[in-house]
Undergrad: 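The following block contains the structure, expressed as structure tokens.
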Amino acid sequence: DFNDDNYRWIELNPESELNDLPGTNLELVDDTLTVRGFGFDFQYYGQPFDSLYVCSNGWASFLPCLRQDGNSNCNEISYFFNNSITHPLGPYGMLAPFFDDLDDNEGEEPFNVYFWTNNQDSVIVEWHGVANGQTDENCDVSCDKETFQLILDGNNTSLSGDGEIIF
């Protein structure tokens, strides 16, 4: 059930009149991936993680690749293939609030993805006004833009001790 009690939006865009927290622009471009530490351990399926890989294509992950073991290199995946989330081309530990081909570098639209952490128990990633890849080159006429957030709340944990993940 959805109601006002379980809706949270914490604006990170410094240009917004509603700015709540000073988010840092990750300076991502089309089909890129960056990693950010957050200064605490966030428990995800019983495992502690202290950093998050953020992709320009609307997803984040605690792990950067498909498989990492002693016999193979980690192949980071930042590109987009629009496969279903359980498809093996996504990284393990994937969080997909809006997994799509966002921006396609054909147009000149700004690409703003903001990151914030309090270094104690919370992380927020906000993709703000990002053009959808199918329309970026047409933004002078019509352009679909997406704004969405991923919130990791390590203070509000489940019975297993896993942190809360909010899209």
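As a basis for the values below, the full set of heavy atoms in this structure was taken, side chains included, without hydrogen atoms, waters or symmetry mates. On a predicted model such as this, the values are computed, not experimentally measured, just so you know.
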Undergrad: Would you say that D30 contacts F111 through its side chain, given a criterion of any heavy-atom pair below 4.5 Å between the two side chains?
TA: no
Undergrad: Can you check whether V29's main-chain N or O pairs, donor with acceptor, with T32's side chain at less than 3.5 Å?
TA: yes
Undergrad: Would you call the rings of F38 and F62 parallel, tilted or perpendicular, taking 30° and 60° as the class edges?
TA: perpendicular
Undergrad: If only side-chain N and O atoms count, and only distance matters, is there a donor-acceptor pair under 3.5 Å linking D162 with Y45?
TA: no
Undergrad: Going by atom types alone, do N19 and E11 pair a side-chain donor with an acceptor below 3.5 Å?
TA: no
Undergrad: Would you say W116 and I124 make side-chain contact, with heavy atoms under 4.5 Å?
TA: yes
Undergrad: About how many Å separate CG of D31 and CG of L102, when rounded to the nearest 0.5 Å?
TA: 9.5 Å
Undergrad: Can you find a side-chain donor-acceptor pair between N112 and H128 that sits under 3.5 Å?
TA: no
Undergrad: To the nearest 0.5 Å, what is the distance between OH (Y53) and CH2 (W59)?
TA: 10.5 Å
Undergrad: Yes or no on side-chain contact (heavy atoms from CB on, under 4.5 Å) for L95 and Y44, after CA distance, side-chain angles and deciding distance?
TA: CA-CA 11 Å; L95 307 170; Y44 178 70; 3.8 Å; yes
Undergrad: Shortest non-hydrogen contact from S122 to D153?
TA: OG-OD1, 4.4 Å
Undergrad: Mind running side-chain contact (heavy atoms from CB on, under 4.5 Å) on V130 and F148 for me, showing each step along the way?
TA: CA-CA 9 Å; V130 179; F148 53 96; 5.7 Å; no
Undergrad: Find out whether V125 and Q149 are in side-chain contact, i.e. whether some heavy atom of one side chain is under 4.5 Å from a heavy atom of the other.
TA: no
Undergrad: Might you point out which heavy atoms bring F40 and N119 nearest each other, and give the distance in Å?
TA: CD2-C, 3.8 Å
Undergrad: Closest approach of C55 and L28, non-hydrogen atoms and distance?
TA: C-CD1, 4.1 Å
Undergrad: Should W9 and E126 count as side-chain neighbours, where that means a heavy-atom distance under 4.5 Å?
TA: yes
Undergrad: What is the distance from atom CG of L21 to atom OG1 of T117, rounded to the nearest 0.5 Å?
TA: 10.5 Å
Undergrad: Any side-chain heavy atom of L52 within less than 4.5 Å of one from L152?
TA: yes
Undergrad: If every non-hydrogen atom of E164 is compared with every non-hydrogen atom of F42, which pair is closest and at what distance?
TA: O-CZ, 3.8 Å
Undergrad: State, to 0.1 Å, how close G58 and P97 come at their nearest heavy-atom pair, and which atoms those are.
TA: O-CD, 3.3 Å
Undergrad: So L150 and I165, do their side chains get closer than 4.5 Å, heavy atoms only?
TA: yes
Undergrad: Do L63 and F49 have side-chain heavy atoms sitting under 4.5 Å apart?
TA: yes
Undergrad: To check you understand the geometry: which heavy-atom pair defines the closest contact between P14 and Y114, and what is its length?
TA: CD-CE2, 3.4 Å
Undergrad: Is it possible for you to say whether L18 and I166 belong to one hydrophobic cluster, with membership spreading through side-chain heavy-atom contacts below 4.5 Å?
TA: no
Undergrad: What I'd like to find out is whether the side chain of N57 reaches to under 4.5 Å of the side chain of L33, using heavy atoms alone.
TA: no
